[in-house]
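First comes the structure, then the notes that go with it.
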Amino acid sequence: MQIYNTLTKKKEEFVPLNPGVVTMYVCGPTVYDFFHIGNARSFVMADIIRRYLEYIGYNVRYAMNLTDIDDKIINKANEEKIDSNEVAKKFTQAFYEDIKKLGIREANIHPKATEHMDEIVGLIDSLVQKGNAYNINGNVFYRVESFAGYGKLSGKKIDELESGSRVEVNTEKENPFDFSLWKKAKENEPSWDSPWGKGRPGWHTECSAMSMKHFGETIDIHAGGNDLIFPHHENEIAQSEAVTGKQFARYWMHFGFLNMKEEKMSKSLGNFFTAREILENYSAETIRLFFSQTHYSGPLAFSEDLLKTSQSALIKVENFVDLIKENSATSGGDSETTFDFESYFRLFSDAMDNDFNTPQATAVIFDFIKAANKAINETEQVGKNFYSKVLEFLNKTAQNVLGIIDLEKVKMQKSLENDLVKLLLDVRQKARAEKNFALSDEIRDKLTELGIELKDSKEGTTFKIK
RNA sequence: GGCGGCAUGGCCAAGCGGUCUAAGGCGAAGGUCUGCAAAACCUUUAUUCGUCAGUUCGAAUCUGACUGCCGCCUCCA
């Protein structure tokens, strides 16, 4: 299993610190708004990575943090004239709802900054003790120069940063790139006690503190969006490793952006759709297939047309599942079908083992469907065992790892509707027998208008409610 | 200015030195089925991989230059 590691800029063989167990920490959202479909991409891809690691037998300990105290939350609270707590609570709730709708599996833990103040303060205190941080009037800054490895993740050098910097120079700091660990409370701001007075944690501290608290000083995988490489993840490394002297995370993974017309989708640019909005019109499976068809590390252009493309592709998979389920219900016995299921499992693993190559993996699913269709068409007697193996393959790969299909959900229809449609089909069949095509077509057209699609075949007419 | 990424068919997108006259999806065209349809299924759809050099027996894949995009350096998945 190979993973591209941002730290070494290479694909590396993945070997967890402790055999059989993988600790994985993913940077989650700041809960000041609904998350957008670009955020959703990271969350979904992280979910697929987690699921695949479980698929190959690892016990994955998975955390995604929620930043629930931050400038943005405070600003939002001021705008809406409510308590910042309320803001965080509301969007935390929304976050849980949305990731559930996206089919994202529950994390083992969603650590929150406000629930880890002791650890955060403790971490900052250690940094101050060790000389990696300094307190100026209740603001504590990290002394960037004190950490030799600063820049090792992002490839940036402190002296080179200066040239293009547009950071407002804070004269209090020793170095303009020193970053805030603890922010002194302003009036009417939520605050916590600390050795430096009332305040709240700065941007990056929570992730270090929480990751170490829950998973120990060194974790296996730390992941997040591309834009977190610098400064967020760089700073996490500086904070954590300065304190522990140990490697903070062994594999750093970063997700490419979702772009709107060549431009990064982001809240600050205002060019975004919330995941919620998209979920109103598209299923989680469609969205997940859409994401899976591009490698997680590259950019992905978002448009509704592209999403529709994935929707069409998914219909193909669902039709196939329909067919398999129908056939499976009516067939019996074993068949002699020679079909190499193992090779498809292997191809799927090969793809995923190569730095989670989901586009390749989805291609394997489509190849599998084509080959299985062919086998069915070319075989006289297809037995039940074949169909159940097909379903097993899809269950293990497309459903459990990629989450692009829900085998249970396909073909769930209400019985009353079914009975009524069947009644109409009987009438139509009589009309057809009498060659009264005007009437039979009228029935068909009206049903089509209602979203009920008819399919005539030798065995009779079947239908599908769209 | 510094650092990083990308450029493959009408569109999206794999590919990591030979099996590439390049996977898969969408779209399109033809076929099977049908009273006609629709749906489904089957088949076809890049001798070519931004441009120009180079390395190599061999390059979409490595190197260099060039062109064009994008991101980070500032809160951001």
Side-chain angles (χ1 to χ4, degrees), chain A residues 2 6 9 11 26-30 32 35-46 64 67 70-72 75 151 154-157 159-168 177 203 223-232 234 254-259 262-269 272 289-290 292-295 297-301 303 305-306 308-317 319-320 322-323 347 351 354-355 357-367 369-370 373-374 376-378 432 435 437 440-441 444-445 448 453-458 461-464 466:
Chain A
Q2 303 259 314
T6 310
K9 297 188 174 49
K11 258 188 219 174
V26 182
C27 287
T30 300
Y32 73 106
F35 66 82
H36 62 62
I37 190 74
N39 300 315
R41 182 189 185 196
S42 290
F43 303 158
V44 165
M45 294 319 286
M64 179 179 281
T67 301
D70 168 88
D71 288 355
K72 291 186 165 182
N75 291 343
S154 58
K156 295 186 192 304
K157 298 189 178 72
D159 33 326
E160 280 168 358
L161 280 171
E162 264 172 298
S163 53
S165 167
R166 279 178 272 152
V167 189
E168 256 183 68
F177 298 98
W203 341 334
N226 243 318
D227 48 358
L228 298 184
I229 296 174
F230 191 91
H232 186 59
E234 194 69 65
H254 291 97
F255 305 112
F257 292 125
L258 197 69
N259 297 135
E262 305 278 294
E263 208 179 27
K264 172 185 172 185
M265 178 185 285
S266 81
K267 294 267 173 72
S268 31
L269 291 171
F272 64 93
L289 177 62
F290 173 65
S292 297
Q293 284 177 306
T294 300
H295 188 76
S297 63
L300 170 56
S303 78
D305 279 350
L306 253 15
K308 287 207 170 101
T309 289
S310 296
Q311 197 173 39
S312 301
L314 193 60
I315 288 171
K316 188 173 184 160
V317 181
N319 280 329
F320 177 73
D322 265 356
L323 174 83
L347 288 169
N354 181 15
D355 195 26
N357 191 334
T358 53
Q360 188 89 268
T362 56
V364 173
I365 306 289
F366 285 108
D367 281 340
I369 289 172
K370 183 176 275 191
N373 263 319
K374 203 165 184 180
I376 292 165
N377 291 339
E378 288 172 358
R432 291 177 75 206
K435 300 217 186 294
F437 295 125
S440 71
D441 287 354
R444 181 176 63 197
D445 293 345
T448 305
E453 200 167 75
L454 303 193
K455 177 174 150 190
D456 291 332
S457 72
K458 282 195 195 95
T461 302
T462 57
F463 65 94
K464 193 157 105 184
K466 286 229 149 182

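Labels below follow one simple rule: chain letters A, B, ... track the order of the sequence lines, proteins then strands, and each chain is numbered from 1. What you see is a predicted model; the values in this text were computed from it and never measured. The basis for the numbers below is simple: all heavy atoms, side chains too, and nothing from hydrogens, waters or symmetry mates.
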Could you check which of B/U74, B/G15, B/G24 has an atom nearest any side-chain atom of A/Phe177?
B/U74
In dot-bracket form, 5' to 3', how is RNA chain B paired? Count Watson-Crick and G-U wobble pairs only if both distances fall under 3.5 Å, and write | where the partner sits on another strand.
((((((((.[[[..)..(.....]]]((((((.......))))))....[[[[[..)....]]]]])))))))....
Where the side chain of A/Ser440 is defined as all heavy atoms beyond and including C-beta, which of B/C75, B/G35, B/G15 is the nearest nucleotide?
B/G35
Report the residue (A/Thr30 or A/Phe320) whose heavy-atom-nearest nucleotide on RNA chain B is the more 5′ of the two.
A/Phe320
Per atom distances to the A/Lys370 side chain, the nearest of B/A40, B/C72, B/C42 is B/C42
With distance as the sole criterion, do the side chain of A/Lys156 and the base of B/C73 form a donor-acceptor contact below 3.5 Å?
no
Between A/Gln293 and A/Ser310, is any side-chain donor less than 3.5 angstrom from a side-chain acceptor?
yes
Have a look at A/Ile229 and say if it touches a base, only the backbone sugar-phosphate, or nothing, with a 4.0 Å heavy-atom cut-off.
nothing
Run the ring pair (Phe, Tyr, Trp, His ring centres under 6.0 Å) test against A/Tyr32 and tell me which residues pass, sequence neighbours left out.
none
Heavy atoms only: give me the nearest A/Ser154-A/Phe230 pair and the separation to one decimal.
OG-CD1, 3.3 Å
List the residues meeting side chain to side chain donor-acceptor pair (under 3.5 Å) with A/Arg41, not counting sequence neighbours, and say none if there are none.
none
Taking B/A40 as the reference, what is the distance to B/C76 when you measure between their C1' atoms (whole Å, please)?
45 Å
Base, sugar-phosphate or nothing for A/Gly38? Non-hydrogen atoms, less than 4.0 Å.
base
Could you tell me whether A/Gly256 contacts a base, only the sugar-phosphate backbone, or nothing, with contacts defined as non-hydrogen atoms closer than 4.0 Å?
base
For B/C62 versus B/C6, give the span between their P atoms, rounded off to a whole number of Å.
10 Å
Any N or O donor-acceptor pair under 3.5 Å from the base of B/C76 to the side chain of A/Lys264?
yes
Rounding to the closest angstrom, what is the interatomic distance between B/C33 and B/A14 at atom P?
39 Å
When you measure from the side chain of A/Thr67 to the backbone of A/Thr30, do you find a donor-acceptor pair of N or O atoms at a distance under 3.5 Å?
no
Proximal nucleotide (of B/G24, B/U34, B/U74) relative to the A/Ala363 side chain:
B/G24
Taking N and O atoms by type only, does the side chain of A/Lys374 place a donor or acceptor under 3.5 Å from a partner on the base of B/C42?
no
Under 4.0 Å, counting only non-hydrogen atoms across every strand here, what does A/Met45 touch: a base, just sugar-phosphate, or nothing?
nothing
With sugar-phosphate meaning primed atoms plus P, OP1 and OP2, does A/Leu258 contact a base, only sugar-phosphate, or nothing at under 4.0 Å between heavy atoms?
base
Is A/Asn357 reaching over with its side chain to a backbone N or O of A/Gln360, donor-acceptor style, under 3.5 angstrom?
yes
Could I get the full list of side chain to side chain donor-acceptor pair (under 3.5 Å) partners for A/Thr6, not counting sequence neighbours?
A/His254
Given B/G71, B/C72, B/U34, the nucleotide with the shortest approach to the side chain of A/Phe257
B/G71
Between the base of B/G35 and the side chain of A/Asp441, is one N or O donor paired with an acceptor at under 3.5 angstrom?
yes
With rounding to whole Å, what would you report as the distance between B/G71 and B/G9 at their C1' atoms?
27 Å
Can you tell me, in whole Å, how much space there is between the C1' of B/G15 and that of B/A60?
8 Å
With A/Asn373, which residues qualify under side chain to side chain donor-acceptor pair (under 3.5 Å), at least two apart?
none
Any idea which of B/C76, B/G25, B/C73 is nearest the A/Phe230 side chain?
B/C73
Would you please name every residue forming a salt bridge (charged side-chain N to carboxylate O under 4.0 Å, His left out) with A/Asp355, sequence neighbours left out?
none
From B/C76, B/G24, B/C41, nucleotide with atom closest to A/Phe366 side chain
B/G24
Contacts of A/Asp445 that satisfy side chain to side chain donor-acceptor pair (under 3.5 Å) - sequence neighbours left out:
none
Going by the rule ring pair (Phe, Tyr, Trp, His ring centres under 6.0 Å), which residues pair with A/Phe43 if we only count those two or more places apart in sequence or in a different chain?
A/Phe35, A/Phe95
Measuring from the side chain of A/Phe437 (C-beta onward, heavy atoms only), which nucleotide among B/G35, B/G25, B/A23 has the closest atom?
B/G35
Given B/C16, B/C76, B/A40, identify the nucleotide with an atom nearest to the side chain of A/Lys11.
B/C16
Should A/Lys316 be listed as having a side-chain N or O under 4.0 Å from OP1 or OP2 of B/C41?
no
Base B/A37 paired with A/Arg444 side chain (donor-acceptor, <3.5 Å)
yes
Please tabulate the protein-to-nucleotide N/O contacts below 3.5 Å involving nucleotides 4-13 of chain B, giving atom names and distances.
none

